[in-house]
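First up is the structure itself, then whatever we jot down about it.
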Protein chains: 2
Amino acid sequence: MLLSQTEENYLKAIYSLGYANSNKVSTTLISVELNTKASSVSDMIKKFADKELVHYKKYQGVSLTEIGRKKAIEIIRKHRLWEVFLVNKLHYNWDEVHELAEQLEHIKSETLIDKLETFLDFPTHDPHGDPIPDRNGNIEYHKNMMLSSIENGESCVVIGFKDASDSFLKFLDKLHIKLGSPLKVLSKEPFDNSMIVETESGSISISNQISKNLFVKKI
Amino acid sequence: MLLSQTEENYLKAIYSLGYANSNKVSTTLISVELNTKASSVSDMIKKFADKELVHYKKYQGVSLTEIGRKKAIEIIRKHRLWEVFLVNKLHYNWDEVHELAEQLEHIKSETLIDKLETFLDFPTHDPHGDPIPDRNGNIEYHKNMMLSSIENGESCVVIGFKDASDSFLKFLDKLHIKLGSPLKVLSKEPFDNSMIVETESGSISISNQISKNLFVKKI
DNA sequence: TTTTATATTTAGACTTGTCTAAATATTTTG
DNA sequence: CAAAATATTTAGACAAGTCTAAATATAAAA
Ligand SMILES: [Mn+2]
Ligand SMILES: [Mn+2]
Ligand SMILES: [Mn+2]
Ligand SMILES: [Mn+2]
């Protein structure tokens with residue numbers, strides 16, 4: 001089934017909102033996410049129900065069907081691989097690529113994104129630390145979330161290290177950060193993407209280089 | 001002025017049709033090129049006249065204004081650079097990239113295409129031998145046309161070599177091809193993009209590798 | 001449990017781009 | 001040149017996606 005760009009954006013919104021809100025998503029929430037009106041969302045949802053992309057009972061919100069979820073993940077896969085391309089190959093800064101990826105994610109092709117993935121050498125995460133779904137739609141959930149993608153005020157616990165080099169781990173040692181360490185993001189600095197983090201042994205500044213390499217789980 | 005994908009496709013069609021037909025393009029010609037109806041073209045042309053993208057007098061056909069021409073060349077630049085990317089970096093075959101480039105040429109960004117051009121190391125021609133306009137909209141016309149882009153039955157004369165290596169020129173020597181040699185394309189083989197070419201000293205088969213490196217001028 | 005506030009859906013209208021059918025202009029031909 | 005053929009434009013309709021305003025359902029408050 002071939003979807004329009006608009007439809008793809010709706011699907012993606014329902015997916016990511018549902019992800020944070022245990023699946024059931026309200027009309028208003030979607031309309032806020034997509035900068036549109038609730039009435040427009042209502043119309044689109046009816047179309048989606050007909051196409052069996054969502055489960056929908058009037059006034060009860062929507063959730064994606066398996067088909068809808070698959071499609072949403074495909075778009076997210078494209079979005080994130082394009083972001084890697086823009087940062088790693090074209091040398092964009094990580095904070096400049098999102099809007100461009102919003103366009104590129106809608107390019108239709110059976111082969112393009114897999115070739116791009118090969119060209120990029122099968123990255124596992126995008127420049128913001130978010131996991132890239134594989135070609136079968138498998139995506140690692142919270143497990144592989146990066147500290148860099150944690151929002152202001154949110155708490156998490158360290159569950160792994162992406163860069164497992166000696167020097168990196170030694171450095172973490174100095175900061176008293178190890179597997180199981182609870183962290184709370186107190187602020188984020190847009191200029192260099194560093195963050196102030198509260199640890200068990202006090203508040204410290206953490207560079208983006210570090211936060212991109214720390215697997216965490218929200219708590 | 002921000003143009004829709006549809007508008008960009010119309011502009012590109014008017015540009016390339018006008019190029020072959022000394023600028024004045026008819027409604028019907030455009031409708032054939034874009035697989036649409038003459039009435040739809042009429043509607044769009046009126047919009048273009050309002051936006052000062054075309055010169056238009058009812059029933060007299062259209063030609064691009066300087067603004068329209070600039071915009072058309074921008075899109076062609078994007079199309080051809082994306083084609084180079086797809087072939088050189090993602091290893092698509094040169095005959096697989098056109099439809100994808102038709103999508104990618106519409107990605108909107110102030111910076112993307114220049115960064116892509118740098119990444120590709122400033123290619124001068126796309127995989128089909130067509131010249132790539134520079135960032136200022138300058139495009140080398142017939143002058144830098146490649147033998148590979150000459151159509152069946154057309155005649156041309158050699159005006160330069162892209163790959164000026166010794167071995168390449170020695171090889172051309174053997175074929176009795178040199179600056180000023182007249183050539184006529186007798187047939188093209190889709191399988192390996194080779195062509196049969198009539199030279200002053202007989203008909204020979206020329207590989208795509210060769211034809212992509214011969215600058216020619218139509219006669 | 002009523003009443004009130006909020007959320008959601010429906011109705012009707014608008015825009016972009018398309019189409020068919022009809023009207024009008026241009027070109028070709030006798 | 002006048003008639004016929006062809007090309008172009010206009011008129012009116014339709015689909016996708018959006019909006020405002022009104023109707024209806026759900027949730028919150030009294
Ligand atoms: Mn993004
Ligand atoms: Mn991202
Ligand atoms: Mn092309
Ligand atoms: Mn090309």
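As a basis for the values below, the full set of heavy atoms in this structure was taken, side chains included, without hydrogen atoms, waters or symmetry mates. To find a chain, count down the sequence lines: A is the first, B the second, and so on, and within it residues start at 1.
- As a whole-Å value, the separation of Lys24(A) NZ from dA27(D) C1' is 17 Å.
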Any protein N or O atoms within reach of nucleotides 24-26 of chain C? Criterion: under 3.5 Å, listing atom names and distances.
{"unit_1": "dA25(C)", "atom_1": "O4'", "unit_2": "Tyr59(B)", "atom_2": "OH", "d": "3.4"}

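- Asn9(A) is listed as a side-chain neighbour of Glu105(A), based on a closest heavy-atom distance under 4.5 Å.
- Classification of the Phe48(B)-Tyr10(B) ring pair by plane angle, with boundaries at 30° and 60°, yields perpendicular.
- Here dA16(D) presents its P atom at 17 Å from CG of Asn9(A), a figure rounded to the nearest Å.
- For the 3.5 Å distance criterion, the side chains of His106(A) and Gln5(A) fail to qualify, holding no donor opposite an acceptor.
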Asp114(B) vs Arg77(B), salt bridge (Lys or Arg N to Asp or Glu O under 4.0 Å): CA-CA, chis, key distance, verdict: CA-CA 10 Å; Asp114(B) 292 342; Arg77(B) 170 173 157 82; 2.7 Å; yes
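- For dT9(C), the OP1/OP2 oxygens have a side-chain nitrogen or oxygen of Thr27(A) closer than 4.0 Å.
- Rounded to a whole Å, the CG atom of Leu34(A) is 10 Å from the P atom of dC19(D).
- Judged by the 6.0 Å distance and 45° axis criteria, Lys89(B) is positioned over the aromatic ring of Phe119(B).
- In this structure, the CG atom of Leu3(A) is 17 Å from the C1' atom of dA15(D), given to the nearest Å.
- The 12-atom threshold is not exceeded at CD of Glu52(A), counting heavy atoms of other residues, nucleotides or ligands nearer than 6.0 Å.
- Counting heavy-atom neighbours within 6.0 Å of Lys108(A) NZ, excluding the residue itself, gives a total above 12.
- Contacts between residues 36-51 of chain A and DNA chain C, defined by a heavy-atom separation below 4.0 Å, involve Ala38(A), Ser39(A), Ser42(A), Lys46(A), listed by number.
- In Lys188(A), the NZ atom is crowded: over 12 heavy atoms of neighbouring residues, nucleotides or ligands sit closer than 6.0 Å.
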